[in-house]
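Because only heavy atoms are used, hydrogens play no part in the values below, and waters and symmetry mates are left out as well, while side chains stay in.
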Amino acid sequence: MPQHAGRGDITITTKGLTKTFDGIHGIKNINLNIRSGTCFGFIGANGAGKTTTIKILVGLLKPETGTAIVSGYDVRAEPEKVRKIVGYLPDTYGLYDYMSGYDIVDYTARLHGFNTRERKEIVEYLLKKLDLFEARNQKVGRYSKGMRQKVALARALVNDPDVLFLDEPTSGLDPVAARNIEDLIKSLTREGKTIFITSHVLPEVEKVCGHLAIIKSGTIVAAGSMDDMRRKFYAPAIRIKVSGLAAGANKALAVLGGLGKVELADDYIYIHGDRDALAPEINRRLASAGISIMEMSSNIQSLEDVYFKVMGE
């Protein structure tokens, strides 16, 4: 696929970005700084402002106040230039069912100004990359939802964009199709593209994104790397299972009192604290009480845990 001239380090930066529709709904004072070549997750409830933010960053909406720079271009002053160097997969992508997969991607390449030879090279490359080449001449009305999503993604990649915006890229897909899209996102990130993704599927974001921000009612309430978010919003915990099920667990709770916050959930004992520091004393106390440890491990918090903590749910 032809390579476009680069513009150096690719970044997305916003300062005080604000856009409201009725004085209430929209986004307020959005500040982001997204590094080049990373996959960035933007998560929040329906109506929180995720799609509004993306539409501003791709030059489809104008903010009321604030600035946004995408790959060196100001989205307010140079929206046409921004649209030339970004790819955008909207949450409702709209395909013409009577057209073939090949023709849809070819038409998009034509809109970007590629000549016949360039279009053939680009379209064939993308259809092969997305495993659609064998079905290239079928009408997309006969495609599965996963295949249709890939066609929409191919359209977003036609111009070999510096930055790729994906709005709910696996929404409604079955697990196999969703995994395929996740693998493609990882591959594109390894190629050095900067990817901005929104999703309600938190395990998906956790797998493909290294950094993220959580937006609530139009305002960013938390942002950072995945590890930073876990450290900030959850204290480390130790998960222990002992013999004797409920009776043994209740006895263990009493024995371990005073080591910190100790609680029982789903037949596991959770002690909030560092495993390396507390493990010797835990072992000593339980052994003295004649309680056998069946399992002891660090309890790793998921993005879902962090999300609900941040959102206060």
Side-chain angles (χ1 to χ4, degrees), residues 12 14 17 19 21 24-28 30 32 34 38-58 60-61 86-95 144-153 155-156 163-189 193-230 232-234 300-313:
I12 301 171
T14 72
L17 205 61
K19 173 72 175 179
F21 298 97
I24 300 174
H25 298 95
I27 59 172
K28 305 155 200 162
I30 298 295
L32 295 171
I34 301 171
T38 61
C39 184
F40 179 85
F42 200 48
I43 60 178
N46 286 333
K50 302 186 300 295
T51 298
T52 297
T53 303
I54 282 185
K55 286 185 175 179
I56 291 174
L57 293 176
V58 300
L60 295 178
L61 279 178
V86 303
Y88 176 36
L89 176 68
D91 56 346
T92 52
Y93 40 84
L95 301 174
S144 67
K145 186 163 186 178
M147 293 171 70
R148 292 167 66 86
Q149 189 80 321
K150 286 183 178 181
V151 171
L153 184 54
R155 288 192 315 187
V163 186
L164 187 61
F165 293 90
L166 307 177
D167 199 356
E168 301 288 346
T170 63
S171 177
L173 299 186
D174 63 60
V176 173
R179 173 65 65 84
N180 288 338
I181 296 296
E182 290 169 7
D183 289 343
L184 286 168
I185 292 171
K186 291 177 183 176
S187 175
L188 292 167
T189 305
K193 296 193 181 298
T194 303
I195 300 179
F196 186 111
I197 179 174
T198 74
S199 178
H200 287 108
V201 186
L202 299 184
E204 167 190 275
V205 175
E206 191 164 21
K207 282 187 280 187
V208 301
C209 298
H211 292 73
L212 70 146
I214 300 175
I215 184 170
K216 181 178 182 180
S217 301
T219 302
I220 291 178
V221 291
S225 71
M226 204 72 67
D227 289 340
D228 287 344
M229 298 281 269
R230 289 193 185 101
K232 183 175 180 179
F233 293 101
Y234 261 96
I300 304 300
Q301 302 298 331
S302 69
L303 175 56
E304 190 172 77
D305 295 322
V306 171
Y307 178 81
F308 287 121
K309 181 75 171 181
V310 171
M311 301 295 277
E313 299 177 9

TODO: Write down the atom of G49, the atom of F42, and the distance for their closest heavy-atom approach.
DONE: O-CE2, 4.3 Å
Task: Side chain to side chain, L153 and L164, heavy atoms closer than 4.5 Å - done: yes
- [ ] Evaluate the side-chain proximity of I181 to E204: yes if any heavy-atom separation is below 4.5 Å, no if none is.
- [x] no
Show every donor-acceptor pair shorter than 3.5 Å between a side-chain atom in residues 217-227 and any protein atom, with sequence neighbours excluded, or say none if there are none.
residue : atom : partner : partner atom : Å
S225    : OG   : D228    : N            : 3.0
S225    : OG   : D228    : OD2          : 3.1
D227    : OD1  : R230    : NH1          : 3.2

Open item on the list: Once salt bridge (charged side-chain N to carboxylate O under 4.0 Å, His left out) is applied, do any residues pair with K186, and if so which ones, sequence neighbours excluded?
Closed with: none
Task: Side chain proximity check, I27 to I215, heavy atoms < 4.5 angstrom - done: yes
Open item on the list: Using 0.5 Å steps for rounding, measure from the OG1 atom of T92 to the CD atom of E168.
Closed with: 11.0 Å
Task: Main-chain N/O of D183 paired to S187 side chain as donor or acceptor, under 3.5 Å - done: no
- [ ] Applying side-chain contact (heavy atoms from CB on, under 4.5 Å) between L57 and each of I54, T53, L61, report the one that passes.
- [x] T53
Open item on the list: Are L166 and I195 packed together at the side-chain level, in the sense that at least one heavy-atom pair is separated by less than 4.5 angstrom?
Closed with: yes
Task: Distance (rounded to the nearest 0.5 Å) between S199 OG and K50 NZ - done: 9.0 Å
Open item on the list: Please report whether the ring centroid of F196 lies less than 6.0 Å from that of F165.
Closed with: yes
Task: Close side-chain approach of P169 to I197, heavy-atom, < 4.5 Å - done: yes
Open item on the list: I want to check something: taking the side chain as every heavy atom from C-beta on, are L303 and I43 in contact at a cut-off of under 4.5 Å?
Closed with: yes
Open item on the list: Rounded at 0.5 Å granularity, tell me how far CD in Q149 sits from CG in L95.
Closed with: 9.0 Å
Open item on the list: For I12 and F40: C-alpha separation, side-chain torsions, deciding distance, then whether side-chain contact (heavy atoms from CB on, under 4.5 Å) applies.
Closed with: CA-CA 10 Å; I12 301 171; F40 179 85; over 6 Å; no
- [ ] Can you see which heavy atom on A177 is nearest to which on G146, and at what distance?
- [x] CB-CA, 4.0 Å
Open item on the list: Working to the nearest 0.5 angstrom, can you tell me the gap between L212 CG and I34 CD1?
Closed with: 10.5 Å
Open item on the list: To the nearest 0.5 Å, what is the distance between CG on L188 and OG1 on T194?
Closed with: 11.0 Å
Task: Crowding at NE2, H200 (>12 non-hydrogen neighbours, <6.0 Å) - done: yes
TODO: Evaluate the criterion side-chain contact (heavy atoms from CB on, under 4.5 Å) for residue pair T198 and T51; output intermediate values, then yes/no.
DONE: CA-CA 8 Å; T198 74; T51 298; 5.5 Å; no
Open item on the list: So which atom in A152 and which in L89 form the shortest heavy-atom distance, rounded to 0.1 Å?
Closed with: CB-CD1, 3.3 Å
Task: Reported CZ-to-CG distance for the pair R148 and L173, which is rounded to 0.5 angstrom - done: 11.5 Å
Open item on the list: If you compare all heavy atoms of K207 against all heavy atoms of E182, which two are closest, and at what distance to 0.1 Å?
Closed with: NZ-OE1, 3.0 Å
